[in-house]
Every structure is written in structure tokens, then in C-alpha cells.
There are 2 protein chains.
Amino acid sequence: MTPIGFEAHDHADCVRTTLEQAEKVCKARRLRLTPIRRRALEILLAEHRALGAYDLLAVLAAEGLGTAPPVAYRALDFLTSAGFAHKIEGLNAYIACAHLGADHTPAFLICTACKSVAEAETQTTKGRLAEAARDSGFHIERTVIEALGLCPACQDAA
Amino acid sequence: MTPIGFEAHDHADCVRTTLEQAEKVCKARRLRLTPIRRRALEILLAEHRALGAYDLLAVLAAEGLGTAPPVAYRALDFLTSAGFAHKIEGLNAYIACAHLGADHTPAFLICTACKSVAEAETQTTKGRLAEAARDSGFHIERTVIEALGLCPACQDAA
DNA sequence: CTCCATTATGTTATGTTATAACGCATGTAG
DNA sequence: CTACATGCGTTATAACATAACATAATGGAG
């Protein structure tokens, strides 16, 4: 049991079902969840925390799955473009998607102390940003919505 | 006349008044707008585009105001913590604040083609993120709200 | 005015994040 | 079987950012 959205949950179960989901999606969309990519996703899933590309690489390297940076970045490219993981721009780090399957406009609450991350869904077509974009004729391709701060646990610690 | 928020405006005037504002704020808050910092702000203001730290450094260096990376990063630290500039996380780049003086929760529309940036104001205490934070007891220190895409001009070009 | 503390700058080196480019291997369709 | 697309191994380097320490300028207290 480790926190997700800063609350306890059945982690083993959440990892397993997410991997199953990912496999299903890959089958449906003809994507290849190769050993490296699968393992990278597992590693990200193992924590509900943001991992740096080089953190991920270190784990992959320890398991003989590749030693050079492109190994990690390619896996992350695949996972992020498939929607299985997200980049946390505020930390230059990566996290497994918590709502796999849903069409995404994720928003994150990120604890800068322990790097745990809660993922919320938002609606693409609502909100100020979308409004501002419509008003000015701007075409949105991707949104980055992140709140950096302290999770309840780390507030207590401080 | 160059675009701000993707529209024409009196740029010389906007640069001048923003610098005046910055000076006023510095006086009031006992901050020191040194030559390097002032010039860095001017350089950012000269474009309503995001500039990388090393782009800024190149200009400063050409003018004999310092050659090593810390020169640029220190100036940017000052400008961002004073609220005179913002970091665009999605581009690892920096931009002068377009609403100097206002208490900030900026949101950005960022053209990935030409890197021009429109800055919108949002209200800190409203919206989904703030809600989610309140619900879970998360304490927000900083928010990153960015929409990456194509501005009207670059859509036409494509 | 002088001294002191603080803040700013100069400089070297290094750490961290990310990608380019090339060749080989493998899987799949025709 | 061949041709093409995709994935992987590897080397090198680009791009972004900070640590650490020395020197200098500034501004307030006495």
C-alpha cells in the first residue's frame, strides 16, 4: 500500500490492471509493447511518483536492458505518445498514467518534497485556457496543467 | 509593431511602460534592478516570445555584460522571483511578464512554431486544480498552466 | 565616514536532461 | 525472399542548469 492521490490503495492490483489495460490498448492499436517498453511502464507504475529519465535508465541498466540514454528516452517517447505515461514538465520527470484508457487532458498535483503525484482528469473543451484559445484562434495541441506544492504528509513533516 | 497575444500593439510603448513599472516595484520592495537585470528584462521584453537562458546569455555576452551561464540564470532568477518574467516549462524558456503588477497565476498559450506566447490571467482560487487541491489537503505553491499549439499565423502558414 | 554585513558579480567546473546520427536486427506485408 | 518499417545498440554531443568559491559593490549602523 502506497499513496495514490495521497491516499492508500491496493497497489499490486493497480499495477496489474494497468498493465493489462496497456496490453489491450496495444493490441487494439497495433502498438508493440516490447520488453523494454513494458518494463519501463512497470517501473513507472511501481511508484506513484515522478521519475527522471536517468532514474528509469538506472533501473533498466541494472537489469541489463540497456545502458545509454536513448534507451530510456525511446521508451518514454513510446509510453507518452501512447498515453501510458505523462511528462511532468515542472520536474522534468515522468509518471505512469493513472487513468489509462480515458482520452486525456490530465492535471497534476505534485509534491515537490516527496515527488508523489496525483492525477486529475479535466475537460479539454472547458475552462479558461480553452476559452482564451477559442477567442484568439489559437489551436491547442497539448496542455500542461500542474500544481506544485506540498502534499498533506509533507506539510505535516514540515 | 509585433504581436502580443497574437495581435498588433504599440510595442515601444509597452516596453517602456513595463520597465517603468518594474522600476517602481523595485523601489517599493527594495529590490535592486541592476544593469544586468534591467538589460535582461529589456531583452525579454523586446520580443513577446520565449527565449532560452542561453539565447539571453548570447545577447548579454555580445554587450559585454557577462559570458558564463550563471550570469543569465541569476538575472532570470531575479526577474522570475520578482514576478517580472515567467518560465515556460514546456519550452525550458523564459518570457517577460505581460501583466506586471498583478498578483499572478499566469496561463500561457504558446506557439510551438514561432514561440510567441500569449499570457492570460487566471484566478488562483477557482478552477478544478484549486478544487482538487482543497479536497485532498494539498497546499499549492506554484501552478504551471500552458497550452502548446499553433497560433493563428502559423496555422495559416501550414 | 567607516566598518560591517549583505547582496551582486566573475569565473571555473560540473551536473542534469535530451537528442542526433548511424548501423544492425527483427518483424511484417507483399 | 525481399523490401520496408520499426525497434534497438552505441557513440557522441547538444541544451539546460547549478555548485562552489573568490571578488566587488552597496547600503545601513554606529
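From a predicted model like this one, the values you see are computed outputs, not experimental measurements.
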Quiz item: Is atom NZ of A/Lys115 surrounded by more than 12 heavy atoms (other residues, nucleotides or ligands) closer than 6.0 Å?
Solution: no
Quiz item: Is the phosphate of C/dG10, meaning OP1 or OP2, less than 4.0 Å from a side-chain N or O of B/Thr67?
Solution: no
Practice problem: Using whole Å, report how far CG of A/Leu91 lies from P of C/dT16. | Solution: 15 Å
Practice problem: Looking at every strand, decide which applies to A/Tyr54 at a 4.0 Å heavy-atom threshold: base, sugar-phosphate, or nothing. | Solution: base
Exercise. Give one of base, sugar-phosphate or nothing for A/Arg32, where a contact means two heavy atoms less than 4.0 Å apart.
Key: sugar-phosphate
Quiz item: End-to-end bend of the helix from C/dC1-D/dG30 to C/dG30-D/dC1 (five-pair axes, 10° rounding)?
Solution: 30°
Self-check item: Heavy-atom donor-acceptor pair, A/His11 side chain to A/His48 backbone, under 3.5 Å
Solution: no
Quiz item: Which atom names give the shortest non-hydrogen contact between B/Phe84 and B/Leu41, and what distance separates them?
Solution: O-CD1, 3.8 Å
Exercise. Let me know the distance between CG of A/Leu57 and C1' of C/dT17, rounded to the nearest Å.
Key: 12 Å
Quiz item: Salt bridge check: are B/Arg134 and B/Glu131 linked by an N-O gap of less than 4.0 Å?
Solution: no
Self-check item: D/dG27 OP1/OP2 closer than 4.0 Å to side-chain N/O of B/Arg30
Solution: no
Exercise. Whole angstrom is fine here: how far is it from OH in B/Tyr73 over to C1' in C/dA13?
Key: 15 Å
Exercise. Could you tell me whether B/Arg37 contacts a base, only the sugar-phosphate backbone, or nothing, with contacts defined as non-hydrogen atoms closer than 4.0 Å?
Key: sugar-phosphate
Exercise. Calculate the interatomic distance between A/Glu89 atom CD and D/dA17 atom P; express it in whole Å.
Key: 11 Å
